[in-house]
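Worth knowing before you read on, the calculation uses all heavy atoms, side chains too, and leaves out hydrogens, waters and symmetry mates.
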2 protein chains.
Amino acid sequence: MSANSRLTIAAHALAWIGLYQRQGHEVATSEKIAASANTNPVVIRRLLGELRRAGLVESRRGAGAGWSLARELGSITLLDVYEAVEAGPLFAMHRTTPDQGCVVGHGIQPAMRGIYQDIEETLRHKLARVTLEKVLRDVLAAPRQPL
Amino acid sequence: MSANSRLTIAAHALAWIGLYQRQGHEVATSEKIAASANTNPVVIRRLLGELRRAGLVESRRGAGAGWSLARELGSITLLDVYEAVEAGPLFAMHRTTPDQGCVVGHGIQPAMRGIYQDIEETLRHKLARVTLEKVLRDVLAAPRQPL
DNA sequence: TCCGTTGTAACGATTATCGTTACGACAGCC
DNA sequence: GGCTGTCGTAACGATAATCGTTACAACGGA
């Protein structure tokens, strides 16, 4: 499975913005977030743009511009983020239509589709039970680096 | 998520071999399976090779060669197949280490790791509850093509 | 010895993600 | 009104995974 870090980075950005705002700041810049995630600001802007389209964050342009949460961390779930930044289904069908003249070729797609739908439903339920508030709590609970 | 058809094709191949053997045949060839899945025999051989390494199928070479099940369809689960053909974790961490001097950068990976492990555990439980026997049953239950 | 199939290497096509550079658009501020 | 900092987005290359394909050696029964 071509593992995807988009959900991780998006959660990172949201947690970062949330903590930054609790520290009294108005808006967060993609450059500061990118420094924390150790990546390029454009990568952050692209991801946050998808989160904005999903109504999770807002952006201001012009001088003193940046990003802010559109909703409380406690009301945003990983499912919201997942649906905003992850495209397709977990598992794919055949690239080309199987032989419909074969019993297996004819019945395999309906069979797998039902199984996959059940699994993805479960995945969504799990993701929906984790708020970004909890993510930030877990982040802050990580043990400090010992000197 | 770059959706993956490997699990689908592997399940297809196993169901096909299982049905073929119930029809009285000894071994199945990669060419026949590939015709049903509408793909190339080498793709099938590669996937079945991974299933053989996992102890799910056996292969014979020489004349009259081909593939046969190493275990009953009822004792093979989608989790067995998933572990045999799917490589990495569902979700990935950052490509580069986040800024350890930042509170979020320092705590995000442990936090997400815990969440992801929980989700993957759930996925495995779901996959483990589906046998290839059930897959074949679902395949055969698909409505016939109306003429 | 012959022949059909596996086992596997090699290559190209396709696709997704990521990093990077570049630049126009925007809005507050002097 | 111009300056400045940031967003928004296009464009390109690098990387990696999967898939399809060709090719060929290895094997083993007839």
Side-chain angles (χ1 to χ4, degrees), chain A residues 1-10 12-13 17 20 25-35 37-53 57-68 70 84-98, chain B residues 1-10 12-13 17 20 25-35 37-53 57-68 70 84-98:
Chain A
M1 179 135 318
S2 78
N4 225 340
S5 68
R6 313 185 91 229
L7 183 59
T8 302
I9 305 291
H12 186 145
I17 298 173
Y20 196 63
H25 300 90
E26 282 280 335
V27 296
T29 66
S30 62
E31 190 172 0
K32 287 206 177 80
I33 303 170
N38 194 12
T39 181
N40 193 287
V42 174
V43 174
I44 300 297
R45 289 206 289 270
R46 279 197 291 236
L47 275 174
L48 287 180
E50 300 178 40
L51 297 184
R52 175 166 44 78
R53 257 165 258 135
V57 301
E58 291 168 345
S59 64
R60 288 209 309 240
R61 306 180 66 165
W67 304 84
S68 54
V85 304
E86 300 281 357
L90 225 52
F91 301 109
M93 288 298 151
H94 311 63
R95 294 186 159 188
T96 60
T97 307
Chain B
M1 177 135 319
S2 80
N4 224 339
S5 67
R6 312 185 92 227
L7 183 59
T8 302
I9 305 290
H12 186 146
I17 299 173
Y20 197 63
H25 299 89
E26 281 280 335
V27 295
T29 67
S30 63
E31 191 172 0
K32 287 205 176 80
I33 302 171
N38 194 11
T39 182
N40 193 288
V42 174
V43 174
I44 300 298
R45 290 207 288 270
R46 278 199 291 236
L47 275 174
L48 287 180
E50 299 178 42
L51 298 185
R52 174 166 44 77
R53 257 166 256 134
V57 301
E58 293 168 344
S59 64
R60 290 209 308 239
R61 306 181 63 165
W67 304 85
S68 54
V85 304
E86 300 280 357
L90 225 51
F91 302 109
M93 287 299 151
H94 311 61
R95 293 187 160 187
T96 60
T97 306

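Taking 4.0 angstrom as the limit, A:Arg52 places none of its side-chain polar atoms (N or O) nearer than this to OP1 or OP2 of D:dC7. When the side-chain nitrogen and oxygen atoms of A:Ser5 are compared with OP1 and OP2 of C:dT17, none of them lie within a distance under 4.0 Å. Proximity of A:Asn40 to the phosphate of C:dC18: no side-chain N or O atom is located under 4.0 Å from OP1 or OP2. Put simply, B:Thr39 has a side-chain N or O that comes within less than 4.0 Å of OP1 or OP2 on D:dG20. At the phosphate of C:dT6, neither OP1 nor OP2 sits under 4.0 Å from any side-chain N or O atom of B:Thr29. In terms of phosphate contacts, B:Arg45 brings no side-chain nitrogen or oxygen within less than 4.0 Å of OP1 or OP2 of C:dG7.
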- Task: Evaluate the side chain to side chain contact (heavy atoms under 4.5 Å, CB included) criterion for residues A:Leu51 and A:Val85: first the C-alpha distance (whole Å), next the side-chain angles of each, then the deciding distance (0.1 Å), finally the verdict.
- Result: CA-CA 7 Å; A:Leu51 297 184; A:Val85 304; 3.8 Å; yes
Requested in this report: Could you please spell out the steps behind the side chain to side chain contact (heavy atoms under 4.5 Å, CB included) verdict for A:Leu90 and B:Leu90?
Outcome: CA-CA 9 Å; A:Leu90 225 52; B:Leu90 225 51; 4.2 Å; yes
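B:Arg60 comes within contact range of the sugar-phosphate backbone alone, with a heavy-atom separation under 4.0 Å but no base atom that close. At a threshold of 4.0 angstrom between heavy atoms, the contacts of B:Arg6 are confined to the sugar-phosphate backbone, with no base atom among them. Among the atoms of the strands shown, base atoms are found under 4.0 Å from some heavy atom of B:Val42. Looking at heavy-atom distances under 4.0 Å, B:Gly64 makes no contact with the nucleic acid at all.
In this structure, A:Tyr20 and A:His25 have parallel ring planes: the angle between them is below the 30° cut-off, well short of the 60° mark.
Taking for each of B:Leu47 and A:Ala65 the nucleotide of DNA chain D with the nearest heavy atom, the 5'-most of the two is the partner of A:Ala65.
Within the model, atoms CD1 of A:Ile33 and CD1 of A:Ile9 stand 11.5 Å from one another, a figure rounded to the nearest 0.5 Å.
One donor-acceptor pair, N or O on each side, does fall under 3.5 Å between the base of D:dG20 and the side chain of B:Arg46. A:Arg61 contributes no side-chain N or O that forms a donor-acceptor pair with the base of C:dA27 under 3.5 Å.
The distance between atom CZ of A:Arg53 and atom P of D:dG8, rounded to the nearest whole Å, is 9 Å. Taking atom CD1 of B:Ile17 as the reference point, atom C1' of C:dT6 lies 13 Å away to the nearest angstrom. The nearest whole Å value for the distance from the CD atom in A:Glu31 to the C1' atom in C:dT21 is 15 Å. One interatomic measurement links the two molecules: CD of A:Glu50 to P of D:dT9, which rounds to 11 Å at whole-angstrom precision.
Side-chain atoms of A:Thr29 come within 3.5 Å of backbone N or O of A:Lys32 as a donor-acceptor pair.
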